[in-house]
Amino acid sequence: MKRFLLPLLALLPLTAFANEASVTSPNGKLTVTINDQGGRATYAVTLDGQSVLLPSALGFKADFGDFTQGLTMGEVKTGNQKDTYQMRQVKQSAISYDANTLVAEFQNAKKQRMSVEFFVKDNDVAFRYLIPRQTKAPFAMMAATEAMNPKCAVIEREATSFTLPDGTTTFVCPQIDPMKGWERTKPSYEEEYVPDAPMAVKSKFGQGYTFPCLFKAPLSSPQQGGGQNAGNALWVLISETGVSSQYCAAHLSDYREGTGYTIAFPQAGENNGFGSATAAIALPAETPWRTITVGQSLSPIVETTIPYDVVKPLYEPSEDYRSGRYTWSWLIWQDYSINWNDQVQFIDLAGAMGYEYCLVDGCWDTEIGRNRMAELSKYAQQKGVSLMLWYNSNGAWNNAPQTPRGCMDNSIARDREMKWLKAIGVKGIKVDFFAGDKQETMRLYEDILFDANRYGIQVIFHGCTLPRGWERMYPNFVSSEAVLASENVYFSDYHAKQEPFQLTMHPFCRNAVATMDWGGVIMNKHLSKDNKSRHLRQTTDAFELATAFTNQAAIQCIAIQPNNLQDLPQMELDFLKTIPTTWDETRLLAGYPGKYVVMARRHGDQWYIAGLNALKEPQKMVLDLNDYNVSNIIIDAVDKKTQQVSTQQNTVKKNKKGLYTVEMQPNGGMVLY
């Protein structure tokens, strides 16, 4: 760390001076520089001397003080943090980090104080604001100093910005206006990503972009080499973590020339207009962390653990939660399948495949009934299967009509419901239809998770916000949708055609920062119950099998149907029975967002290498398999005469150098194991 305090010379104007401090990653390559030039707090980020972020604003406006201007940097403290911790439901099980830290105090013109804390790993930066009580006056003096010493505050806005170099392109998803979409259930992080777009293009709805946001920044001096997933660019992933009931969630504004992107708070109309769009905090306070992951290739983006490194568990798990796979009738059979007979079929299917769970979707309380649900849960347990049940989060924030309603939105009803779920042996819930990012909504997420843990119940969220470090903060949290998910493949041919693009995008952005309940490895050829009508699935079987590995969630939906037991090749069925959902290690081998991806994941001693190709032409590549104990491959094969594509299982034959050449077909995939 270096710090320059320029001498105060009476003959020169004070505005000529600036305090500066810096902190560098343990490997010496990633540097953050903090400055108070012109009375404004800024930070800048470089990697190997290349600009990642140009000087970008720090600070916030609170009801008791303005920390966006008139600032002077004061005391600077540096340090180092190292830790090792265990995670059961993310991309890596044993996580270690080594980070250098810096805490810089700033004082505004009224002598009010705040600090910025930086946490810098070799490819990651995280920072947050620390807001102290402003004085330590004795009790007898409290009345006189009350205005100067607030015990609570409202954060009205943040100045926090991200100024990327000119020529940067974006891979981002627009934030939509509140109370839009089906039954006024948006925003729910279900809009479409646009790849390689210029920064200056205004967002689709004029509301900025949801986290995470991926950027490709030009290099001022191009690097040599870098592997298949590199190029003459820096990759930058911006997000946030550590959002709890103590703050609102945020997103990025539209790009503004000279300012870049700024932190934007929720819109006033979210949550049906109820609750503040600002953040209310008790002092002293810590804000959520803003995170920046940087790499000269995409590997640091895909492999980052920064969302979990800087947060801590908020409570202990009440039991040893079990990961696994689940069947789900609703994806293809839809609403009419929520009846006793159809659910028995999907329980039997889960039992036959050795899956741990079966999800019963909405309106089970009216179509099956609560008394019979107890019987259904008992039947499932006899098959070695545990039920997960769907719930509407409502509440008063949208018009979604599906029941059960009014069970998750208040503590009295929720406690009664959780007690009943535990009594009948239900092990998980999927709660749907939230309404944005206000602090009021963050409280509801946290309350549901905490109450569910008291009764040993795991939680999946749908129609919801991005999880922000929740896998570590809330031990019974599994995953969230927060993506334009598989139900849309069912809904329209357009989205079926978009599936390859979407699922080669998410490993580099959405799924890089949090677990993702995409909603199903789809094995029906047609998106219909009879597997003959409606539109076709546009991907190959090998592509779908590979998505079980490229999409990451500790409880994963394998959306096979009862008919698949007869119409799928036995080889595919056998493989579907063996799919793990938890990972000890994850590596990116090759890829480009929205085009193709090849990832390696390790479960215990076994490696799996999965690839997806969204391009219109075959993708040929050479894989170095020296580090991976794979001997078989499931891949698409094209008949040279008919051009028909089938799934083949072959033996992996490496050359003497441990290299293996593969060719993924358009909308196709592969799994090596």
Side-chain angles (χ1 to χ4, degrees), residues 91 227-229 299 302 325 353 499-500 503-504 507 521-523 525 537-552 556 558 560 564 568-592 595-640 642-673:
K91 66 185 79 173
Q228 294 184 73
N229 55 21
S299 294
V302 173
R325 294 75 43 94
M353 296 298 292
E499 182 187 0
L503 292 189
T504 52
V521 178
I522 305 171
M523 301 309 296
K525 298 290 187 184
R537 192 187 80 220
Q538 297 294 318
T539 57
T540 68
D541 283 9
F543 181 103
E544 290 296 323
L545 293 173
T547 66
F549 301 88
T550 57
N551 294 340
Q552 191 271 313
Q556 183 86 271
I558 310 296
I560 61 171
N564 294 150
L568 284 181
Q570 190 61 43
M571 175 269 294
E572 293 185 23
L573 282 173
D574 291 342
F575 185 74
L576 284 164
K577 292 178 181 179
T578 67
I579 289 173
T581 63
T582 56
W583 307 111
D584 296 297
E585 192 173 352
T586 294
R587 300 178 187 173
L588 176 69
L589 302 187
Y592 192 92
K595 295 183 178 180
Y596 71 100
V597 63
V598 181
M599 300 175 69
R601 297 197 195 265
R602 178 173 60 84
H603 177 79
D605 295 330
Q606 179 62 53
W607 280 99
Y608 297 83
I609 298 174
L612 306 175
N613 180 22
L615 299 171
K616 296 184 183 301
E617 59 275 347
Q619 181 76 3
K620 191 173 185 177
M621 61 186 65
V622 177
L623 301 177
D624 184 342
L625 300 182
N626 282 293
D627 292 339
Y628 306 100
N629 60 337
V630 294
S631 54
N632 299 292
I633 183 172
I634 294 175
I635 196 167
D636 302 303
V638 180
D639 188 289
K640 293 182 179 180
T642 66
Q643 295 301 301
Q644 289 187 334
V645 178
S646 61
T647 310
Q648 286 191 356
Q649 184 181 42
N650 301 319
T651 301
V652 172
K653 296 181 180 179
K654 299 176 285 189
N655 67 16
K656 292 181 181 179
K657 295 182 178 180
L659 305 180
Y660 182 63
T661 301
V662 293
E663 184 175 83
M664 290 191 293
Q665 297 304 310
N667 290 5
M670 63 179 182
V671 183
L672 290 79
Y673 62 102

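Side-chain atoms are counted along with the backbone in the values below, which use heavy atoms only and exclude waters and symmetry mates.
- No donor-acceptor distance shorter than 3.5 angstrom exists from the side chain of Arg587 to the backbone of Leu589, with no hydrogens or angles considered.
- Using modelled atom types and a 3.5 Å distance limit, the side chains of Glu572 and Thr647 yield a donor-acceptor pair.
- A donor-acceptor distance shorter than 3.5 angstrom exists from the side chain of Arg601 to the backbone of Thr550, with no hydrogens or angles considered.
- For Leu672 against Val652, the heavy-atom pair with the smallest separation is CD2-CG2, 4.1 Å.
- Proximity of a side-chain donor or acceptor of Lys91 to a complementary backbone N or O of Val302 within less than 3.5 Å is detected.
- Of all heavy-atom pairs between Ala542 and Gly669, the closest is CB-O, 3.3 Å.
- Between the NZ atom in Lys654 and the NZ atom in Lys657 there is a gap of 15.0 Å [rounded to 0.5 Å].
- Screening Asp624, Asn655, Ile633 for a side chain to side chain contact (heavy atoms under 4.5 Å, CB included) with Tyr660, the sole residue that qualifies is Ile633.
- Side-chain contact check for Asn632 versus Asn650: every heavy-atom pair is 4.5 Å or farther apart.
- Side-chain contact between Asn613 and Phe543: absent, with no pair of heavy atoms (C-beta onward) separated by less than 4.5 Å.
- For Asn667 (side chain) and Pro500 (main-chain N/O), no donor-acceptor pair under 3.5 Å exists by modelled atom type.
- In this structure the side chain of Met621 reaches within 4.5 angstrom of the side chain of Tyr596, judged on heavy atoms.
- With hydrogens and angles disregarded, no donor-acceptor distance shorter than 3.5 Å links the side chain of Gln619 to the backbone of Ala614.
- Asp639 places no side-chain N or O within 3.5 Å of a backbone atom of Gln644 that could act as its donor or acceptor partner.
- Under 3.5 Å, the side chains of Asp574 and Gln570 contain a donor-acceptor pair of N or O atoms.
- Of all the heavy atoms in Met599 and Thr586, the pair that sits closest is CE-CG2, 3.8 Å.
- Looking at heavy atoms from C-beta onward, Tyr628 lies out of side-chain contact with Arg602 at the 4.5 angstrom threshold.
- Ring geometry for Phe549 versus Trp583: interplanar angle of 30 to 60°, hence tilted.
- We find the CD-OG1 distance between Gln552 and Thr547 to be 13.0 Å, quoted to the nearest 0.5 Å.
- Counting all heavy atoms, side chain and backbone alike, Leu576 lies closest to Met523 at CD1-CG, 4.2 Å.
- Between the side chains of Thr540 and Asp636, at least one donor N or O sits under 3.5 Å from an acceptor N or O.
- Counting heavy atoms from C-beta outward, Pro618 and Met664 have side chains that stay 4.5 Å or more apart.
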Between Leu573 and Met353, is a side chain to side chain contact (heavy atoms under 4.5 Å, CB included) present by the stated rule, with each step listed?
CA-CA 8 Å; Leu573 282 173; Met353 296 298 292; 4.3 Å; yes
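- Side-chain contact between Phe575 and Leu545 is present, with at least one heavy-atom pair separated by less than 4.5 Å.
- Within the 4.5 Å cutoff, side-chain heavy atoms of Glu585 are placed close to those of Trp607.
- Under a 4.0 Å N-O distance rule, the pair Asp541/Lys525 qualifies as a salt bridge.
- Between Ile609 and Leu625 the shortest side-chain heavy-atom distance falls below 4.5 Å.
- The distance from atom CG of Leu615 to atom OH of Tyr592, rounded to the nearest 0.5 Å, is 11.5 Å.
- Atom-to-atom distance recorded for Thr539:OG1 and Glu544:CD is 3.5 Å, nearest 0.5 angstrom.
- Ion pair Lys620/Glu663 not flagged as a salt bridge, since none of the NZ, NE, NH1 or NH2 atoms sits closer than 4.0 Å to an Asp/Glu carboxylate oxygen.
- Minimum interatomic distance between Ile558 and Ala548 (heavy atoms only, all atoms of both residues): CD1-CB, 4.5 Å.
- For the atom pair CD1 of Ile635 and CD of Gln648, the computed distance is 9.0 Å after rounding to the nearest 0.5 Å.
- Between the side chain of Arg325 and the backbone N or O of Thr581 there is no donor-acceptor pair closer than 3.5 Å.
- The closest donor-acceptor contact from the side chain of His603 to the backbone of Thr582 lies under 3.5 Å.
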